[in-house]
Every structure is written in C-alpha cells, then in structure tokens.
Asker: 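Handing you this structure, nothing more for now.
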Amino acid sequence: MTKRFITVGDATEQDLSDIYHLARTPFDDETLKGQGVALVFERPSLRTRASSSAAVHELGGYATFFGADEVGLDERESAEDIGRTLAEMFAICALRVRDHGVFERIWRATGGRLALINLLSDVAHPTQAVADALTIADEFSRGDLTQLAGLEVAYVGDATNVARSLAVCLLRAGVNVRVGAPAGYQLTPSEVENPFAVTGGGTLRLFSNAAEAVRGANVIYTDSWVSMGFESEVVKRREELAEFRVDEELVTRADANAIVMHCLPAHRGDEVTNSVLDGPRSRVWRQVHHRHSAMMGVLRWMKEEK
Ligand code: CP
Ligand code: NVA
C-alpha cells in the first residue's frame, strides 16, 4: 500500500517506531533501486534538500528537483495536475509547500498512487521532528526513542510549523513540552498536527515568559522569528519577540546539563546569540546530521513491505 508522511500526528505508533528504527540501522542500498523521487520545493532549503537528495541516492534511487518557478504550483498548473503528472514517472513525491492543503489534494487526485512526504508546510515539519527526536535520544537515552518520557523540553519564540511537529512528536514519546511565546506567536489548536490533541503522553504547558518556560528544562529549542513567507514582518517580529531570544542568561535558567537546539537556518543575534549557538550546549550540527538519518528512515519505511 502506498504510504504518506505528511504529519507526525497522522503516523501510527508502529510507523514512528519503524521510522526511528530504520533511521538508526544499517541500510540496504537496493531499497529505492531504479525508482525516482520528485523533490518539489516551493520555498528555499539547504538542509532538507541536501538530506533528501543524498538519502535517495544512497538508497539506489534518483532524485529530480523541481523549484517553485518550474512547477508553478496552482499558478502554471493545479496541484492536482502536477500530482497526476508526477505519479506517472515517480514512486515518491516529497514537497515543501506554502499551503499544507496541497498534500490532501494531490493524494486524492492521484488516488493514493504517489507516496507523499512533507518537507515543510505552513503547519508542519515532520522530518525535522524525527531528526530532533533522534538528537534528543542521543543525548538523554543512548539513542533509545522509547526512553524519553519525563524529559522537559522548552520551545521559545514563534511557535509555528517546527514547534507544532516537534511538540506532537515529543508529547507522543511522553516528553513534557513547554512553549514560551508572546501573544500572537503562541501555539494554538489546529486541524492538523495538533499538539493539543495528543493524549496519554507528556504534558503540554504554555508560558508567556521565556524564563519561566525554560526553568529547569533539559532542552531549550528555538526557530526563526521570521518564517518563510513572513519577511515583510521583520521589524514588527524583532520587536515583539525580543524577550524570547535564547542568550546565555536564558540558558542559565535551564537545567545545568541542558542542551540548546535550533532547526536552522539561524538568524544570529535575533532568536539566538552567537555564543549560545556556537557554545558547548548547542546540538544544532547533530540535528543537521540527523536530518539525513531521518530521511533514510522515512524513505526506507515507505518502501518497506510488511
Ligand atoms: N531545517 C530546515 O528545514 O532547513 P532548510 O530550510 O535549510 O531545509
Ligand atoms: N519556521 C521556519 C522553519 C525553517 C526550517 C520556516 O517556516 O521558515
């Protein structure tokens, strides 16, 4: 059956467990032999494009990149027709899109013939969340993703796509998640990738003060204050999020062994200072490393016959 990895919330416990396992174990390079993966990017990318194309090639497949100007999603052609076209030539389509609704439209238009991966949308970034869970497990449970319960992870800043997928992923693993953000930037319930709908896992707490959010936490996580598509709001966002900068003073409020994470790209001096990003607590390059592990896990899981 064709699979999809559009949100962490939609993945079953077994799916997540298989993805983590396949991300961490030696691979069979025949997995994607002779198969094509279409990489459609409506927004810029470094880590996601690099990790997805590298993983496809390592698994024996071939990746073809389509940028925003080439496909013109819903401008040159409808998302449905793009999906129908790609389904004739590719086994998997991985997309970075402005509007999350595109995934469901392509899935319906292709009758589920084309496996889909979300490489970031306005509401979710699930492959990043897998990489982040692998990074946290490296640090706190010797890589065992089943042993994360009880950890305290504090996300501070603009709680958007990355925060949403991270929170769903960690709450499901029993991690307690705190989100520190000013009014207008705080996590809100949503139809997809909804951390408020996770039951039976960790607790979710919201704070309007950064220092309170990170108090005693094991992990401090932040993301850009200006997500792609919000560039016209730079000045306003710098002003409204200024108290949520991850600097050395904020880090002293967390646990003495706390680590600092950021999905990157970082805007040094805005959401995080140079000394924190380049300092001993930072695990951002380990996260980048695991973007590749995560893509290997997702691609192998997609092709796995059970
Ligand atoms: N973290 C992340 O998705 O990076 P890119 O935007 O460079 O792909
Ligand atoms: N929230 C950021 C994440 C970048 C990887 C954005 O959407 O631009």
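What you are looking at is a predicted structure, and each value in this text was computed from that prediction instead of being measured. The first residue in the sequence is number 1, and the count goes up from there.
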Asker: If you define the side chain from C-beta out and look only at heavy atoms, does anything of Arg76 sit under 4.5 Å from Glu70?
Answerer: no
Asker: Applying the 4.5 Å side-chain criterion to the ILVMFWY set and letting contacts propagate, would Ile106 and Phe5 be lumped into a single cluster?
Answerer: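 No; tracing contacts between hydrophobic side chains, which count when under 4.5 Å, never links both residues.
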Asker: Any side-chain heavy atom of Glu271 sitting closer than 4.5 Å to one from Asp223?
Answerer: no
Asker: Is it true that Asp74 and Arg98 have a side-chain N and a carboxylate O under 4.0 angstrom from each other?
Answerer: no
Asker: For Met302 and Ile117, run side chain to side chain contact (heavy atoms under 4.5 Å, CB included): C-alpha distance rounded to whole Å, both residues' side-chain angles, the deciding distance at 0.1 Å, then the answer.
Answerer: CA-CA 9 Å; Met302 279 202 144; Ile117 303 175; 3.6 Å; yes
Asker: Shortest non-hydrogen contact from Arg172 to Leu16?
Answerer: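 Looking at all heavy atoms of both residues, the shortest contact is CZ-CD1, 3.6 Å.
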Asker: Decide, yes or no, whether a salt bridge links Glu152 with Arg215 under the criterion of side-chain N to carboxylate O below 4.0 Å.
Answerer: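 Salt bridge: no.
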Asker: More than 12 heavy atoms of other residues, nucleotides or ligands under 6.0 Å from CD of Glu239: yes or no?
Answerer: no
Asker: Less than 4.0 angstrom from a charged side-chain N to a carboxylate O is my criterion; do Glu88 and Arg113 meet it?
Answerer: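 Between Arg113 and Glu88 there is a salt bridge, with a charged N closer than 4.0 Å to a carboxylate O.
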Asker: Strictly by modelled atom types, are Arg291 and Thr48 linked by a side-chain donor-acceptor pair under 3.5 Å?
Answerer: yes
Asker: If you round to the nearest 0.5 Å, how far is CD1 of Ile6 from CG of Leu119?
Answerer: 9.5 Å
Asker: Would you give the length of the straight line joining atom CG of Leu114 to atom OG1 of Thr2, rounded to the nearest 0.5 angstrom?
Answerer: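 Leu114 atom CG to Thr2 atom OG1 measures 8.0 Å (nearest 0.5 Å).
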Asker: How close do Gly269 and Arg245 get, heavy atom to heavy atom, and via which atoms?
Answerer: O-NE, 2.8 Å
Asker: Can you check whether Gly9's main-chain N or O pairs, donor with acceptor, with Glu193's side chain at less than 3.5 Å?
Answerer: yes
Asker: I want to check something: taking the side chain as every heavy atom from C-beta on, are Asn118 and His100 in contact at a cut-off of under 4.5 Å?
Answerer: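 Yes - at least one pair of side-chain heavy atoms lies under 4.5 Å apart.
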Asker: Count the heavy atoms belonging to other residues, nucleotides or ligands that lie under 6.0 Å from NZ of Lys33, then report whether that count exceeds 12.
Answerer: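 At most 12 heavy atoms, drawn from other residues, nucleotides or ligands, come within 6.0 Å of this atom.
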Asker: Determine, using the 4.5 Å side-chain heavy-atom cutoff (strictly less than), whether Val37 and Val130 are members of one ILVMFWY cluster.
Answerer: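 Yes, Val37 and Val130 fall within the same hydrophobic cluster.
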Asker: If you compare all heavy atoms of Val97 against all heavy atoms of Glu42, which two are closest, and at what distance to 0.1 Å?
Answerer: CA-OE1, 3.4 Å
Asker: Could Arg49 and Phe65 be counted as a cation-pi pair, given that NZ or CZ must be under 6.0 Å from the ring centre and within 45° of the axis?
Answerer: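 Because its charged atom sits under 6.0 Å from the ring centre and within 45° of the axis, Arg49 does stack over Phe65.
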Asker: Looking at Val156, is its backbone amide N or carbonyl O close enough to the side chain of Thr222 to form a donor-acceptor pair, meaning the two atoms are under 3.5 Å apart?
Answerer: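 Pair found, side chain donor or acceptor close to backbone of Val156.
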Asker: Report the C-alpha distance between Val219 and Leu151 in whole Å, list the side-chain angles of each, state the deciding distance to 0.1 Å, and finish with yes or no for side chain to side chain contact (heavy atoms under 4.5 Å, CB included).
Answerer: CA-CA 8 Å; Val219 178; Leu151 280 174; 5.8 Å; no
Asker: Check whether any side-chain heavy atom of Leu166 lies under 4.5 Å from a side-chain heavy atom of Met261, and answer yes or no.
Answerer: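 No, every pair of side-chain atoms sits at 4.5 Å or beyond.
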Asker: Is there a donor-acceptor pair closer than 3.5 Å between any side-chain N or O of Gln35 and the backbone N or O of Gly60?
Answerer: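 Absent.
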Asker: Ignoring hydrogens, what is the shortest heavy-atom contact between Arg164 and Pro189? Give both atom names and the distance.
Answerer: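 Heavy-atom minimum between the residues: NH1-C, 4.5 Å.
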Asker: Take a 6.0 Å sphere around CD of Glu243 and say whether it holds more than 12 heavy atoms from other residues, nucleotides or ligands.
Answerer: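 No.
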Asker: Tell me whether the count of non-hydrogen atoms from other residues, nucleotides or ligands lying under 6.0 Å of CZ in Arg281 goes above 12.
Answerer: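 Atom CZ in Arg281 is crowded, with more than 12 foreign heavy atoms closer than 6.0 Å.
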Asker: Start with the C-alpha distance between Leu120 and Met228, add both sets of side-chain angles, then the distance that settles side chain to side chain contact (heavy atoms under 4.5 Å, CB included), and finish with yes or no.
Answerer: CA-CA 10 Å; Leu120 183 144; Met228 293 177 274; 4.0 Å; yes
Asker: Okay, side chain of Ser282, backbone of Asp278: is any donor-acceptor separation there less than 3.5 Å?
Answerer: no
Asker: Do Asp132 and Thr135 have a side chain donor and acceptor closer than 3.5 Å?
Answerer: no
Asker: Give a yes or no on this: more than 12 heavy atoms of other residues, nucleotides or ligands lie within 6.0 Å of atom NE2 of His57.
Answerer: yes
Asker: Taking all atoms of both residues into account, what is the closest heavy-atom pair of Tyr20 and Cys169, and its distance?
Answerer: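 Shortest heavy-atom separation between Tyr20 and Cys169 comes out as OH-SG, 3.1 Å.
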Asker: I'd like to know if Val56 and Phe27 are part of one continuous hydrophobic network [Ile/Leu/Val/Met/Phe/Trp/Tyr, side-chain heavy atoms within less than 4.5 Å].
Answerer: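 Result: yes, single cluster for both.
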Asker: Locate the shortest heavy-atom distance separating Asp158 from Leu241; write the atom from each residue and the value.
Answerer: N-CD2, 3.9 Å
Asker: Within the 4.5 Å heavy-atom criterion, are Glu104 and Arg4 side-chain neighbours or not?
Answerer: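 Yes; the side chains approach each other to less than 4.5 Å.
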Asker: Less than 4.5 Å apart, any side-chain heavy atom of Ser121 and any of Asn161?
Answerer: no
Asker: Side chains of Trp285 and Leu264: closer than 4.5 Å at any heavy-atom pair?
Answerer: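 Touching, per the 4.5 Å side-chain cut-off.
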Asker: Are side-chain heavy atoms of Arg178 and Phe207 found at a separation under 4.5 Å?
Answerer: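 The answer is yes; the side chains approach within 4.5 Å.
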Asker: Distance from Leu86 atom CG to Ile92 atom CD1, nearest 0.5 Å?
Answerer: 12.5 Å
Asker: Less than 4.0 angstrom from a charged side-chain N to a carboxylate O is my criterion; do Asp270 and Arg237 meet it?
Answerer: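 Salt bridge absent between Asp270 and Arg237.
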Asker: For the pair Arg283 (side chain) and Pro280 (backbone), establish whether a donor and an acceptor sit closer than 3.5 Å, ignoring hydrogens and angles.
Answerer: yes
Asker: Over 60° means perpendicular and under 30° means parallel, so classify the ring planes of Tyr155 and Tyr221, tilted if in between.
Answerer: parallel
